[in-house]
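Protein chains get the first letters and strands the later ones, always in sequence-line order, with residue 1 at the start of each.
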Number of protein chains: 2
Amino acid sequence: MPTISAEDYLKHILKLQEGEERVSTSALATSLSLADASVTEMLKKLAARGLVRYQPYQGVTLTEKGRGIAVRTLRRHRLWELFLVRHLGYSWDQIHEEAERLEHVTSEALETALDRALGSPQFDPHGDPIPSAEGRVHGGASSALAALRPGAVAKIRRVADVDPELLRHADRLGIVPEASLEVRERLDFDGSLRVRVAGGDRFLSAEVARHIFVELVEERSG
Amino acid sequence: MPTISAEDYLKHILKLQEGEERVSTSALATSLSLADASVTEMLKKLAARGLVRYQPYQGVTLTEKGRGIAVRTLRRHRLWELFLVRHLGYSWDQIHEEAERLEHVTSEALETALDRALGSPQFDPHGDPIPSAEGRVHGGASSALAALRPGAVAKIRRVADVDPELLRHADRLGIVPEASLEVRERLDFDGSLRVRVAGGDRFLSAEVARHIFVELVEERSG
DNA sequence: AGGTATTTTTAGGCAGGGCTAAAAACAATG
DNA sequence: CATTGTTTTTAGCCCTGCCTAAAAATACCT
């Protein structure tokens, strides 16, 4: 059984590993909000348990075993997030912290029960893919709303779960997964956008638009 | 925030405190499956945090603060047990272990959500009372089935959650909270009983009957 | 009361995880 | 290529909880 701490390390490595080949000690330390030295030590322990490949000064990568645990933890996290919304009346800005704790005390039986109660869902409330029980992750190929040009029509896929405030803000604007949207105007000097969504025109800062991911439907010239 | 360990200590002290005035170090150690010495040390720490009153060689009692945490933990445990049965398809012999872990990662918000989803329930699936949000525990005054005489008619209140096997056994016999039962026969030499329950006659060993608690309805002479 | 038994506490260790400060390795640049 | 700067690792500590073995209190019993 991996400890809570180990699950957290593996989860963060998994996330940081997207794109990059090897994850540096300092990047991981920043991501976990821990001192670099603490991370160095833990990496040695994880390597000894066969969960990561670690060469001093060369960063880490997950082994198959480590990846398995990381993905399983991510699956539990996202199943809980959806469960909290669907069955316990939570809103999507309040679920991250709860799931962060619940994911570490979820047995295989409970994971299965959650999955069944939810009908084997593919996405969590933020639009993040829920890994399958076998560990396959459905990498949705979507692009940042911030990159779209005026006239573009797109379907919202995902709102990055970086901050509860962003989520509350997006929600008030009608920016939720599955909603449709059209870019009406783009101010070049600050990158902010005016978009039509849920029947109304809304303004989004570039910073907000950077955290919203969409699938392009049509690229009308404005 | 109390640690998981502290919550477990307090919960066990609460349980052992029923009846007895002070709880001894060794009784607590046995209950927690820990070495006596470990318990002694922890008691000093809990006392320093104001959660228990502890005098060397004199045993422990809970302070108001400690009792509050113990009762809250018990409440969360029992809410989870019922939730697992009602909303996640668990049977009552599989819920204890899950709840044992979930109770320690349950925020006040989650506790409230569980309570609401269940309609502020009074009892868990074993018939154990669920403490109120304010910490009041509904002490149900029931007696052991083992003590009833032939001819007695009673309503089942509670089946002690001591072992999953006992629970599965009781369930197969139709012995569940709220069911009605009549004692038909009692074999004095081993204390075993023949009872009528759910329309059929069933045999119970004295050991099983000792873990079933009932409320007497009528004491017919057999 | 005095001596044996039992309980409880103290002493000394260990593993998991974390921290700061100092040293070592790697990178980068004049 | 040598020096400065940035990462990363090592060294030495801390805290939480647990353990065993030995010592000290309390209890029991003749």
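Heavy atoms of other residues, nucleotides or ligands lying less than 6.0 angstrom from CZ of B:Arg116 number 12 at most.
Separating the CG atom of B:Leu46 from the P atom of D:dG17 is a distance of 8 Å, rounded to the nearest angstrom. D:dC15 atom P lies 14 Å from atom CZ of B:Arg49, rounded to whole Å. Atom OH in A:Tyr54 sits about 6 Å away from atom P in D:dT10, given to the nearest Å. The CD-C1' distance, from B:Gln55 to C:dT8, rounds to 14 Å in whole Å. Atom NE2 of A:His104 and atom P of C:dG16 are 18 Å apart (whole Å). Taking atom CE on A:Met42 and atom P on D:dT10, their separation rounds to 16 Å, with Å as the unit. In this structure, CG of A:Asp36 is placed 17 Å from P of D:dA11, rounded to the nearest angstrom.
Between B:Thr3 and the phosphate of D:dT16, there is no side-chain N or O to OP1/OP2 separation shorter than 4.0 Å. Under 4.0 angstrom from either OP1 or OP2 of C:dG16 there lies no side-chain N or O belonging to A:Tyr9. For C:dT10, one of the phosphate oxygens OP1 or OP2 lies less than 4.0 angstrom from a side-chain nitrogen or oxygen of B:Lys44. Distances shown here put every side-chain N or O of B:Ser38 at or beyond 4.0 Å from the OP1 or OP2 atom of D:dC18. The side chain of A:Ser5 places an N or O atom within less than 4.0 Å of a non-bridging phosphate oxygen (OP1 or OP2) of C:dG18. The side chain of A:Ser26 places an N or O atom within less than 4.0 Å of a non-bridging phosphate oxygen (OP1 or OP2) of D:dT8.
The side chain of B:Glu41 lies closest to D:dC19, out of C:dT9, D:dC19, C:dC19. For B:Leu34, counting side-chain heavy atoms from C-beta on, the closest listed nucleotide (D:dC19, C:dT10, D:dG17) is D:dC19. Comparing D:dC19, D:dG17, D:dT9 by their nearest atom to the side chain of A:Thr25 picks out D:dT9. Closest approach to the B:Tyr57 side chain among D:dC18, D:dT26, D:dT8 is made by D:dT26 (side chain taken as heavy atoms from C-beta onward).
Ring centroids of A:His77 and A:His96 are separated by less than 6.0 Å, placing the two rings close together.
No salt bridge links A:Lys155 with A:Glu215; every basic N to acidic carboxylate O contact stays at or beyond 4.0 Å. Ion pairing between a basic and an acidic side chain is recognised when a charged N comes within 4.0 Å of a carboxylate O; A:Asp171 and A:Arg168 show no such pairing. For the pair B:Glu111 and B:Arg72, the salt-bridge criterion is not met [side-chain N within less than 4.0 Å of a carboxylate O].
As judged by a 4.0 angstrom heavy-atom cut-off over every strand, A:Arg22 is placed among residues making no nucleic acid contact.
Nearest-nucleotide assignment on DNA chain C puts the 5′-proximal partner with A:Ala37, out of A:Gln58 and A:Ala37.
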